[in-house]
Amino acid sequence: MAKKNEELDEETLAVINWCIEVEGFLIKGGATQAQAQEFIEEEIEFLTDQFYDGLTPEEAAKVALSD
């Protein structure tokens, strides 16, 4: 985890913000906030790949909810 005074680069911030959007779509799809956050923590590598593959947050959530 980054130190409080350490700034994150733009790319890392983009991935974080994208994951926050995914979380919202997971919740809209029926997950609790805790479930959505746990999924993101456990599947961060998979989600990062989806981010770089160009999936939208909504598409990534649909993939996650379809499993």
Side-chain angles (χ1 to χ4, degrees):
M1 174 126 353
K3 295 178 184 176
K4 285 186 180 183
N5 62 353
E6 185 178 326
E7 290 190 31
L8 299 174
D9 61 72
E10 287 184 30
E11 191 171 334
T12 301
L13 286 173
V15 172
I16 291 169
N17 288 324
W18 184 87
C19 285
I20 291 169
E21 290 185 52
V22 170
E23 178 184 344
F25 286 111
L26 290 172
I27 292 168
K28 284 181 184 177
T32 65
Q33 185 175 16
Q35 289 170 328
Q37 290 175 354
E38 181 178 349
F39 173 79
I40 290 168
E41 289 173 12
E42 291 178 355
E43 299 295 334
I44 192 62
E45 289 180 21
F46 176 66
L47 290 168
T48 301
D49 289 344
Q50 290 181 321
F51 172 83
Y52 287 111
D53 287 345
L55 270 69
T56 66
E58 186 173 14
E59 292 169 331
K62 285 181 181 178
V63 169
L65 292 168
S66 68
D67 287 340

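Following chains of ILVMFWY side-chain contacts shorter than 4.5 Å, one can reach Ile20 starting from Leu13, so the two form part of one hydrophobic cluster. Residues Phe25 and Val15 do not share a hydrophobic cluster, clusters being chains of Ile/Leu/Val/Met/Phe/Trp/Tyr side chains in contact below 4.5 Å. A single hydrophobic cluster is not seen to contain both Tyr52 and Ile16; linkage of ILVMFWY side chains at heavy-atom distances under 4.5 Å, directly or through other members, places them apart. In the hydrophobic clustering of ILVMFWY residues, with side-chain heavy atoms under 4.5 Å counting as a link, Leu65 and Trp18 come out together.
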Atom pairs and distances, side-chain donor-acceptor, residues 36-51, under 3.5 Å, sequence neighbours left out:
residue : atom : partner : partner atom : Å
Gln37   : NE2  : Glu23   : OE2          : 3.2
Thr48   : OG1  : Ile44   : O            : 2.7

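Looking at Asp53, its side chain never comes within 3.5 Å of a backbone N or O of Leu55 through a donor-acceptor pair.
Taking CD of Gln35 as the reference point, atom CD1 of Ile27 lies at 9.5 Å (rounded to 0.5 Å).
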